[in-house]
Number of protein chains: 2
Amino acid sequence: MESPVPPEPPIYRRIAESLRQAILAGDLRDGDRLPGENALMAEYGVARATARQALGVLINEGLAVPRRGSGVYVRRFRPIRRHGPRRLSREQWGRGRAIWDSDTTGRPYTVDELTVARESASAEVARVLGCEEVWVRRRRYSVDGRPVQLAASHFPAELVADTPITRPDTGPGGVYARLRELGHGPAHFTEEVRARMPSPREAARLGLPAGNPVILVCRSAYTADGRTVELNEMIMDAASYVLQYDFDA
Amino acid sequence: MESPVPPEPPIYRRIAESLRQAILAGDLRDGDRLPGENALMAEYGVARATARQALGVLINEGLAVPRRGSGVYVRRFRPIRRHGPRRLSREQWGRGRAIWDSDTTGRPYTVDELTVARESASAEVARVLGCEEVWVRRRRYSVDGRPVQLAASHFPAELVADTPITRPDTGPGGVYARLRELGHGPAHFTEEVRARMPSPREAARLGLPAGNPVILVCRSAYTADGRTVELNEMIMDAASYVLQYDFDA
DNA sequence: CAGTGGTCTAGACCACGAT
DNA sequence: TCGTGGTCTAGACCACTGA
């Protein structure tokens, strides 16, 4: 009987692992420069493609981010805390603290892209909103000058026609205030949360490096009598967000 | 004045884009085999590394998954719907049902790994639970024979000592029923949701291919008088889950 | 056994960033 | 200007899959 020998991982994995340990142990900190391709070639005696492959592992893990002409650097994670139902927030009952510190709460955001258009609803949107024609408000949010979220709000066309919701400036209180004035104020919300890798288009619009997933939040707003009045699809940089949901048993 | 010419993307990107379109347009369906490295070399007249790079793009996007010795195939996405508030309602755990019954919406799940141990709390866990010693229940959940979630529930040691919570079988209703019998039934919950790429260890335990993010849910359970009685850290295959949260305005 | 993807070498030219 | 990462070629050997 011979005990099964665990096969040695390939060289590029071992190089990646040693760099990963340096990052997780804190030897390399946020924003520090990793050894470059040339340095790894010299240190480990490997070809350039192999050194490159090792760095690619960390980049695809989201631990490192490459900068053309400069080097590969340790990625930082300073999330924005996005609250779901705020009125149920933990501060009202618990003394526990968040696991992940986020001093970034309350930082100012900007809307640096905004389009409002009447469109034909996709099959899914049509099914949820129960209509074929919709008004769509698309915008991109940035924090500290960096884009962090794409959002597209859909409204039934006949519901919001000739209201400020169809214009860039919705007025004080935003779209929910306008919906309330129309007698269709939201009373209930459902949010569906998913995560995946971004499409190239999404990655470009959000300025995401490789190895950076996106969080998708699809929020439906319902009136008290059960009508769906808004469908908001959000695409968030996963490295920039922590979503918080509070609820009772 | 010359108008700025958008630079052509590199060959491997164009190859990847054409494959992506084939997938998104439905020409290639779930589980279909993509053209392999040799096919792409012939079709586009590129070197093997370039064909490989093109496939790597789709793999890292989570659109395709490679199978050694066989080919590269279109990835499928059949998520489990995990309900936030509903699954934790008193009606669910109050009458002898396990939480996961409402999770899989008809698909059977299994717990194929389970360990229960008394441990020293990490600094973060100690801060949230307010104690140094904890009991930790770690398990792995599988659906359709595939692992989909890793979970680690932490309980204050002095609270659950000598209860079924410290044993593999917690009895009918699970840990929340036991906590309620102890007079520490959860009344409020907070869930923090993040997403990132998995570590190699997490990817191995969940059997994740490249390009597959994980969703992290950190749930804190509080009693009515504000004590934190559980901290549950979950790591989910992002391709297997949709999280749903319902709340009122 | 033939074909596949996984790993690796040894070159090359390029665009870009810092200096 | 020089070093960086980005792209690409033309080979090689390996382990694994499937017929």
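So that the names make sense, note that chain A is the first sequence line, chain B the second, and so on, each numbered from 1.
- Taking B:F155 as the reference, nothing meets the ring pair (Phe, Tyr, Trp, His ring centres under 6.0 Å) condition, with sequence neighbours excluded.
- Following rounding to the nearest Å, B:E37 (CD) and D:dT9 (C1') show an atom-to-atom distance of 15 Å.
- The separation between B:I15 atom CD1 and D:dT9 atom C1' is 13 Å, rounded to whole Å.
- Within the 4.0 angstrom heavy-atom criterion, only backbone atoms of the sugar-phosphate kind lie near A:R33; the bases stay farther away.
- A:I11 comes within contact range of the sugar-phosphate backbone alone, with a heavy-atom separation under 4.0 Å but no base atom that close.
- OP1 or OP2 of D:dT4 sits under 4.0 Å from a side-chain N or O of A:N38.
- The side chain of A:T50 has C:dT9 as its nearest neighbour among D:dG5, C:dT9, D:dT4.
- With 3.5 Å as the limit, one finds a donor-acceptor pair spanning the side chains of A:S153 and A:R139.
- Considering only heavy atoms from C-beta on, B:R219 comes within 4.5 Å of B:E230 through its side chain.
- Atom-to-atom, CZ of A:R13 to P of D:dA15 comes out at 18 Å; the value is rounded to the nearest Å.
- Closest to the B:V72 side chain, of the nucleotides C:dA10, C:dG5, D:dT7, is C:dG5.
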Chi angles and distances behind the side-chain hydrogen bond (donor to acceptor under 3.5 Å, both in side chains) call for B:S240, B:Y141: CA-CA 12 Å; B:S240 295; B:Y141 295 98; over 6 Å; no

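- The nearest whole Å value for the distance from the CE atom in A:M41 to the C1' atom in C:dA12 is 13 Å.
- Distance A:L34 CG to D:dG5 P: 9 Å, rounded to the nearest Å.
- In the set D:dA10, C:dC8, C:dG5, C:dC8 carries the atom at the smallest distance from any side-chain atom of A:Q53.
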Under the side-chain hydrogen bond (donor to acceptor under 3.5 Å, both in side chains) criterion, do A:E192 and B:Y245 qualify, and how do the steps go? CA-CA 7 Å; A:E192 289 178 325; B:Y245 294 95; over 6 Å; no

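- In terms of position on DNA chain C, the residue among A:G45 and B:P35 whose nearest nucleotide sits closer to the 5' end is B:P35.
- In this structure, B:R67 is positioned above the aromatic face of B:Y73, its NZ or CZ under 6.0 Å from the six-membered ring centre and within 45° of the axis.
- Looking at residues two or more places apart in sequence or on another chain, you find no ring pair (Phe, Tyr, Trp, His ring centres under 6.0 Å) involving A:Y12.
- Checked against C:dT7, C:dT9, D:dC8, the side chain of A:P10 finds its nearest nucleotide in C:dT7.
- Between the P atom of D:dG6 and the CG atom of B:N60 lies a distance of 14 Å, rounded to the nearest Å.
- B:R52 has its CZ atom 11 Å from the P atom of C:dC8, to the nearest Å.
- OP1 or OP2 of C:dC8 has not a single side-chain nitrogen or oxygen of A:Y12 nearer than 4.0 Å.
- Taking only distance into account, the side chain of B:R48 meets the base of C:dT7 through a donor-acceptor pair shorter than 3.5 Å.
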Short N/O separations, protein against nucleotides 16-19 of chain D, under 3.5 angstrom:
from: D:dT17; atom 1: O4'; to: B:G69; atom 2: O; distance (Å): 3.1

